[in-house]
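Accompanying notes for the structure given below.
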Amino acid sequence: MTHCGKDTAKNTGSFQRRKKADGTRAGGPSSSAPTLIWEESVREEDLDAVEAQIRCKLPDDYRCSFRIHNGQKLVVPGLMGSMALSNHYRSEDLLDIDTAAGGFQQRLGLKQCLPLTFCIHTGLSQYMALESVEGRNKYEIFYQCPEQMARNPSTIVMFITGTSYLEWFTSYVNKVVTGGYPIIRDQIFRYVHDKDCVATTEDITVSVSTSFLPELSSVHPPHYFFTYRIRIEMSKDALPENACQLESRYWRITNAKGDVEEVQGPGVVGEFPVISPGKVYEYTSCTTFTTTSGYMEGYYTFHCLYNKDRFFNVTIPRFHMVCPAFKVSTA
């Protein structure tokens with residue numbers, strides 16, 4: 001287990017839809033107003049032409065979706081979600097049909113796989129299997145990562161993200177429209193929040209959401225990378241004299257084997273945030289496991305601003321991190 005020492009503080013922004021003449025606005029995670037724009041729909045004859053080009057049939061649900069839209073050109077932010085740490089940024093575009101067809105794979109390890117997404121920062125893609133080959137189920141969707149210790153260099157690890165295009169796409173859209181994924185500075189971030197992962201101590205509530213990063217993970221050697229986002233909020237009904245400042249943090253990190261690591265230190269993200277009635281502080285950090293799952297829990301120590309001799313601990317609820325199902329290709 002490794003707990004990352006670098007955290008990133010972020011402020012929550014609102015999502016705004018904007019129309020621009022050129023349809024795009026590029027920028028990194030600090031862009032002030034990135035634009036999320038669909039390309040125009042695809043004609044049936046163009047979908048037929050793609051099938052002829054790649055010599056594989058596209059699934060009906062994929063064809064139906066692209067009769068409504070044509071994904072995105074390669075822009076930032078991507079419609080299929082972002083992830084940002086202090087030294088790592090990912091934002092996935094939903095590929096337009098021509099770019100997807102151009103990236104259709106016939107090489108060993110990814111034979112007869114169509115890319116659905118692409119991140120211009122990391123090179124990461126999600127692929128859809130158009131045939132049941134190399135250990136994949138037909139129409140299964142997955143992230144591909146190299147199998148570092150395989151004798152065959154074409155062998156890959158596939159972290160499964162969907163069993164069909166319809167299931168994969170509608171599941172993502174439902175999380176966006178129901179608030180399951182937060183929208184931060186006009187970008188969709190793929191953090192999953194467990195509604196039970198909330199703890200309140202006195203007037204302060206701490207909640208946690210998590211995400212798995214396949215591009216920073218490996219199966220052999222086992223290295224499963226997770227990021228988590230912490231929200232600390234003081235009730236707006238709290239008394240003004242209850243304002244306090246975070247002094248330190250304590251973590252108890254447990255992997256699937258029961259191995260425990262304890263981490264403690266001053267502040268968070270190199271900061272010592274002040275929390276007062278109605279105020280919110282959020283930050284992100286990360287951890288790794290040598291097992292496919294694990295959990296963290298702990299507490300923050302605060303001192304009262306109006307009674308500096310008073311210190312108290314605020315519970316961080318236990319939150320679980322689980323690697324998605326994966327397969328190793330049989331190429």
Side-chain angles (χ1 to χ4, degrees), residues 1-14 29-30 83-88 179 182-185 189 191-211 225-255 258-289 294-321:
M1 295 174 288
T2 302
H3 185 258
C4 303
K6 293 184 178 179
D7 301 342
T8 304
K10 295 183 181 294
N11 295 319
T12 302
S14 60
S30 61
M83 188 58 59
L85 293 169
S86 57
N87 58 356
H88 182 78
I183 296 171
I184 305 165
R185 295 179 181 175
F189 278 77
Y191 285 102
V192 177
H193 174 63
D194 180 347
K195 64 181 180 180
D196 295 325
C197 192
V198 178
T200 300
T201 305
E202 298 188 17
D203 295 310
I204 298 176
T205 298
V206 177
S207 59
V208 187
S209 53
T210 64
S211 186
F225 193 105
F226 298 89
T227 179
Y228 55 87
R229 183 173 179 82
I230 305 282
R231 177 184 174 94
I232 306 171
E233 180 176 11
M234 179 173 280
S235 170
K236 65 180 182 350
D237 299 323
L239 297 174
E241 54 265 33
N242 288 347
C244 55
Q245 185 171 23
L246 192 152
E247 284 279 331
S248 62
R249 67 193 186 279
Y250 166 80
W251 287 111
R252 182 179 173 87
I253 308 167
T254 307
N255 69 15
D259 300 325
V260 176
E261 178 185 4
E262 294 181 284
V263 177
Q264 53 189 336
V268 291
V269 297
E271 298 179 355
F272 300 86
V274 171
I275 307 295
S276 56
K279 297 298 183 181
V280 175
Y281 181 82
E282 296 181 287
Y283 74 96
T284 60
S285 190
C286 56
T287 194
T288 62
F289 292 98
Y295 62 86
M296 294 175 60
E297 58 196 330
Y299 58 82
Y300 300 114
T301 298
F302 283 83
H303 76 261
C304 295
L305 292 181
Y306 296 97
N307 181 4
K308 293 191 176 181
D309 292 331
R310 181 174 180 253
F311 291 79
F312 63 99
N313 293 335
V314 171
T315 298
I316 305 170
R318 178 180 293 188
F319 55 97
H320 293 264
M321 291 157 281

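We number each residue from 1, following the sequence as shown. These numbers come from a predicted model, not from an experiment.
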Given Trp251 and Thr287, is the side chain to side chain contact (heavy atoms under 4.5 Å, CB included) satisfied, shown in steps? CA-CA 11 Å; Trp251 287 111; Thr287 194; over 6 Å; no

Would Glu282 and Ile184 count as a side chain to side chain contact (heavy atoms under 4.5 Å, CB included) if you check the C-alpha gap in whole Å, the side-chain angles of each, and the deciding distance to 0.1 Å? CA-CA 11 Å; Glu282 296 181 287; Ile184 305 165; over 6 Å; no

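To the nearest 0.5 angstrom, Lys236 atom NZ is 11.5 Å from Asp203 atom CG. Note that CD1 of Ile232 is 9.5 Å distant from OG of Ser207, once rounded to the nearest 0.5 Å. In this structure, CD on Gln264 lies 9.5 Å from CZ on Arg249, to the nearest 0.5 angstrom. Considering CG of Leu85 and OG of Ser285, their distance stands at 8.0 Å, rounded to 0.5 Å. Here the straight-line distance linking atom OH of Tyr295 with atom CZ of Phe226 works out to 14.5 Å at 0.5 Å rounding. Between the CZ atom in Phe272 and the OG atom in Ser248 there is a gap of 8.5 Å [rounded to 0.5 Å].
Using a 4.5 Å heavy-atom cutoff, the side chains of Val206 and Thr315 are not in contact. Looking at heavy atoms from C-beta onward, Thr210 lies out of side-chain contact with Cys197 at the 4.5 angstrom threshold. Contact check for Asn313 versus Thr201: no side-chain heavy atoms found under the 4.5 Å cut-off. By the 4.5 Å heavy-atom criterion applied to side chains, Leu246 and Ile275 are not counted as neighbours. In this structure, Tyr300 and Ile204 have side chains that are not in contact, with every pair of non-hydrogen atoms separated by 4.5 Å or more. At least one side-chain heavy atom of Cys244 sits under 4.5 Å from a side-chain heavy atom of Met234.
His193 places a side-chain N or O within donor-acceptor distance of the main-chain N or O of Val208, the cut-off being under 3.5 Å.
The minimum heavy-atom distance linking Phe289 with Thr254 is given by the pair CE2-O, 3.6 Å. The two residues Ala84 and Tyr191 come nearest to each other via the heavy atoms O-OH, 4.1 Å.
Under the side-chain hydrogen bond (donor to acceptor under 3.5 Å, both in side chains) criterion, His303 pairs with Glu247, sequence neighbours left out. Residues meeting the side-chain hydrogen bond (donor to acceptor under 3.5 Å, both in side chains) test with Arg318, sequence neighbours left out: Glu297. Qualifying side-chain hydrogen bond (donor to acceptor under 3.5 Å, both in side chains) partners for Asp194, counting only residues two or more places apart in sequence or in other chains: none. With sequence neighbours left out, the ring-ring contact (aromatic ring centres under 6.0 Å, His included) criterion links Tyr250 to Tyr299. For Glu261, there are no side-chain hydrogen bond (donor to acceptor under 3.5 Å, both in side chains) partners at least two apart in sequence or on another chain.
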Let me have the donor-acceptor pairs involving side chains of residues 305-312, under 3.5 Å, with sequence neighbours excluded, atom names and distances please.
unit_1, atom_1, unit_2, atom_2, d
Arg310, NH2, Glu202, OE1, 3.2
Arg310, NH2, Glu202, OE2, 2.7

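Between Tyr281 and Tyr283, the ring planes are tilted. Angles from 30° to 60° get that label.
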